[in-house]
Amino acid sequence: MTDSEQPDDDSMREVVERSRSGAPAVGEAVRDRFSSDEVFQRIIAAADEEVTSGSRELFFSGLAAGLAITITFMLYASLTAATDSNPILSVLLYPLGFIYIIIGGYQLYTENTLPPVALTLERLASLPTLLRHWTIVLAGNFTGGAIGAAVLSYGGVFTGDTVEAARYISEGGFGVEFVPLFFKAAMAGLIVAGVVWVGFASTDSFTRLAVVYLAFLAIPLGNLFHVVVSFTEVLYLFFQHNIPLYGAEISLYSGIVGFVIPVLLGNTIGGVVLVTLVNYFQTSEERLEEARFEGVSRRLTVPEWVFGRAAGRSYVPILDATEATLFAGEGYRVMVPITNPRTDGPIVELAARLASSHEDGVVHIVHVVQAPERMSLSSGDAGRRIADVSAEGMANLRSTATEYDVEVSTSTVISHRSFEEVFNMARRTRPDAVLMGWGDDQLWSAARAERPIDELTNQLPCDFLILNEHELDTSRILIPTSGGPDSDLSAEVAKVLSETAGAEVTLLHVVDGPENRQRGEVFLAGWAEEHGLGDAELVVDDGGDVETGICEAAADKTLVIIGATEKGLLSRLVSNSLHLDVIHDVDASVLLTERPSSRSLRERLFGSGRRATDMSGGVERDPEESEGTNVRSVEGGQLAVDDGNGDGDGDGPDTDGGSADDADAAVDDALDEREEAADSGHSPEDEQPHLDDTYVVDHDDADEEAAEEAADDDAAAERDDR
């Protein structure tokens, strides 16, 4: 985060040298070398990301690592056969599978003896959380190894001498006694955990690659054992050579109990004791001070550490110091992501009404500018110029919000993403609610919020309100409801609009058949009283068709507020998997509401798609009507913004001048300058790729000036009244 004024050298250096997690991106004492404390901070930040990942993400990442290990076994056996078991030549490609894992960022159990353990030693994660993490990753590794062994056995990958070479390699560990097997595995665990530490200490990819290759080459050269490789070898013998389940010297039982388990114990002890503990105690007591917020205790208590499941996000910083100061101690805050400051006034006005109903209400307007992938955001002043133009364009929006006596803050986010950045900002700044527009002129109307499978596990960071507005009028509101947390949110919004704008509220409940009308009337009357809407008009529709009932009841209404189903309205809206014909069938504006909820994976996969008291499986929209817009494309070296009106000029609604948004023009200028620099051979290098995806600016000075002007206007009005 930066100020609207040009930052000084020290603050700019702090921005460049710190990642979002607070961990160092560049060494301090020596610019190209990290101290042990700095390495530890980087490991803690990475461990936080890993430990707080969902079970699905961890398992499939572990699965990918297990499959990569198959490559190591395959090449080891193939080269052993091809080189007539030459002790050097046969192992030259052994590290390739591990290189895949390290560079690909997959989860390998032996690597996880360092980062999660370091997090646990700092009492930032509990012991049960560590064991959960290990179990899921190891299960994924073994599953991937089993699949790979089956493919090598039944897929005809090994032929001729390679089959016998693979058998010879796989049987090598069965004859080793427990004690030497354990210590051989401990040495392998030391090597792998050491690779992780050195990897975080490395400042370039070549060094990291060289360390990984040489370190993992030491495992076969030293006749050491790695648990996932060993498990894959045992399964290969079982599939290919039909070793018995038990009762023989070489059997599946003896392979697991007498071979794999001792290797597992050795790898774990070697990684934890010989590397993690030693490296932990070589760091100073101040190893994490720079990553903590002053006065905030993040460590778990001893009971929490031993028995609890709390970990990660609540204890490891995800905000930098500027963000923590900026958003600390604020009242009820509504974040409003916008894409066009000229046309998003109604959304800001609605947000201001919602915030004004709370003491110390705050409206945080975030202008999201999507930059093309080829535009660098970490070098040059392109981001600053775009942000300056954006700040000027939001002047009218500040005035709109301040009319409702709420505090206003504005920010500009320049990113290669659009909708994803809305989620990122919400998670970093922690608002109470996010209110955003949805329509053909919005960037995210065509964007995916996430990969399709993510909607099974997505957790919203706060309340979300999605407005599809047609000349927004809040005078006559319709709320279809049969209960549930999302309907509660709809009621809260309607109550605010009733109190601040004199809106007339109508509640709708749909039942199946006339015989259920009385029950529906009792429910609706009780629900209205419970949510402070006792004066609302109550309508019970006994037709049984929810969508038809909504359309009929909305005939004379100006705003329809609809809650989400259990399937998750927001993620399905973004992925075009929510079919919501109501948006197009009614003339009124539609406000979609979703409140964060916690659901199990089973409920997401096999649930009916409704909350316990939800009125339907969800209303549907025509997917052909919801394709959104082609928000940005680079054609002929120019940035085009398709506003969906068919003219292809990208100028959006015909407003004064009819030109494209000024921020988009600034993007064009930045691209032109970058191309000219590239043509002249002076293209800026991207020295911080991890910082190149987003450029965020808070317009503090402009916000303060707007607030002072509003205060002066109020004072002048009071003098005139007197």
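Atom set for the values below is all heavy atoms of this structure, side chains included, hydrogens, waters and symmetry mates excluded.
Not counting sequence neighbours, the partners of Tyr154 by the ring pair (Phe, Tyr, Trp, His ring centres under 6.0 Å) test are Phe239. Listed by chain and number, the residues in a ring pair (Phe, Tyr, Trp, His ring centres under 6.0 Å) with Trp134 are Tyr109 (sequence neighbours excluded).
A distance of 8.5 Å separates CZ of Phe40 from CG of Leu114, quoted to the nearest 0.5 Å. In this structure, Arg132 CZ and Ile136 CD1 are separated by 4.0 Å, a value rounded to the nearest 0.5 Å. For the atom pair CD1 (Ile147) and CG (Leu152), the distance works out to 12.0 Å, reported to the nearest 0.5 Å. Residue Glu122 holds its CD atom at 5.5 Å from CD1 of Ile44, rounded to the nearest 0.5 Å. The OG1 atom of Thr110 sits 12.0 Å away from the CG atom of Leu190 when rounded to the nearest 0.5 Å.
More than 12 heavy atoms of other residues, nucleotides or ligands lie within 6.0 Å of OH in Tyr213, so this atom counts as buried by the packing criterion. Around the CZ atom of Phe183, the shell of radius 6.0 Å holds no more than 12 heavy atoms that belong to other residues, nucleotides or ligands.
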Side-chain atoms of residues 72-88: list all donor-acceptor pairs with protein atoms under 3.5 Å, sequence neighbours left out, distances to 0.1 Å.
unit_1: Thr72; atom_1: OG1; unit_2: Tyr94; atom_2: O; d: 2.8
unit_1: Thr72; atom_1: OG1; unit_2: Gly97; atom_2: N; d: 3.2
unit_1: Ser78; atom_1: OG; unit_2: Met74; atom_2: O; d: 2.8
unit_1: Thr80; atom_1: OG1; unit_2: Tyr76; atom_2: O; d: 2.6
unit_1: Thr83; atom_1: OG1; unit_2: Leu79; atom_2: O; d: 2.6
unit_1: Thr83; atom_1: OG1; unit_2: Asn86; atom_2: N; d: 3.4
unit_1: Asn86; atom_1: OD1; unit_2: Ile88; atom_2: N; d: 2.9
unit_1: Asn86; atom_1: OD1; unit_2: Leu89; atom_2: N; d: 2.9

Contacts under 3.5 angstrom, residues 162-169 side chains, donor-acceptor by atom type, not counting sequence neighbours:
unit_1: Thr162; atom_1: OG1; unit_2: Thr159; atom_2: O; d: 3.4
unit_1: Arg167; atom_1: NE; unit_2: Glu171; atom_2: OE2; d: 2.9
unit_1: Arg167; atom_1: NH1; unit_2: His241; atom_2: ND1; d: 3.4

Only pairs under 3.5 Å count here: list side-chain donor-acceptor contacts from residues 243-267, not counting sequence neighbours, and write none if there are none.
unit_1: Ser251; atom_1: OG; unit_2: Ala248; atom_2: O; d: 3.4
unit_1: Ser251; atom_1: OG; unit_2: Ser254; atom_2: N; d: 3.2
unit_1: Ser251; atom_1: OG; unit_2: Ser254; atom_2: OG; d: 3.1
unit_1: Ser254; atom_1: OG; unit_2: Glu249; atom_2: O; d: 3.1
unit_1: Ser254; atom_1: OG; unit_2: Ser251; atom_2: N; d: 2.9
unit_1: Ser254; atom_1: OG; unit_2: Ser251; atom_2: O; d: 3.0
unit_1: Asn267; atom_1: OD1; unit_2: Val227; atom_2: N; d: 2.9
unit_1: Asn267; atom_1: ND2; unit_2: Ala185; atom_2: O; d: 2.6
unit_1: Asn267; atom_1: ND2; unit_2: Phe225; atom_2: O; d: 3.2

Please report, to 0.1 Å, the donor-acceptor pairs under 3.5 Å made by any side chain of residues 229-237, with sequence neighbours excluded.
unit_1: Ser230; atom_1: OG; unit_2: His226; atom_2: O; d: 2.9
unit_1: Thr232; atom_1: OG1; unit_2: Val228; atom_2: O; d: 2.9

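Residues His133 and Thr129 form no side-chain contact, since every pair of their non-hydrogen atoms from C-beta on lies 4.5 Å or further apart. Taking 4.5 Å as the limit, every side-chain heavy atom of Gln240 sits out of range of all side-chain heavy atoms of Phe158.
Each of Val137, Val195, Val196 was checked for a side-chain contact (heavy atoms from CB on, under 4.5 Å) with Glu111, and the lone residue meeting it is Val196.
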Discussion item. What verdict does the side chain to side chain contact (heavy atoms under 4.5 Å, CB included) test give for Leu67 and Tyr100, after you've listed the backbone C-alpha separation in whole Å, the side-chain angles of each residue and the deciding distance to 0.1 Å?
Written reply: CA-CA 10 Å; Leu67 292 173; Tyr100 272 37; over 6 Å; no
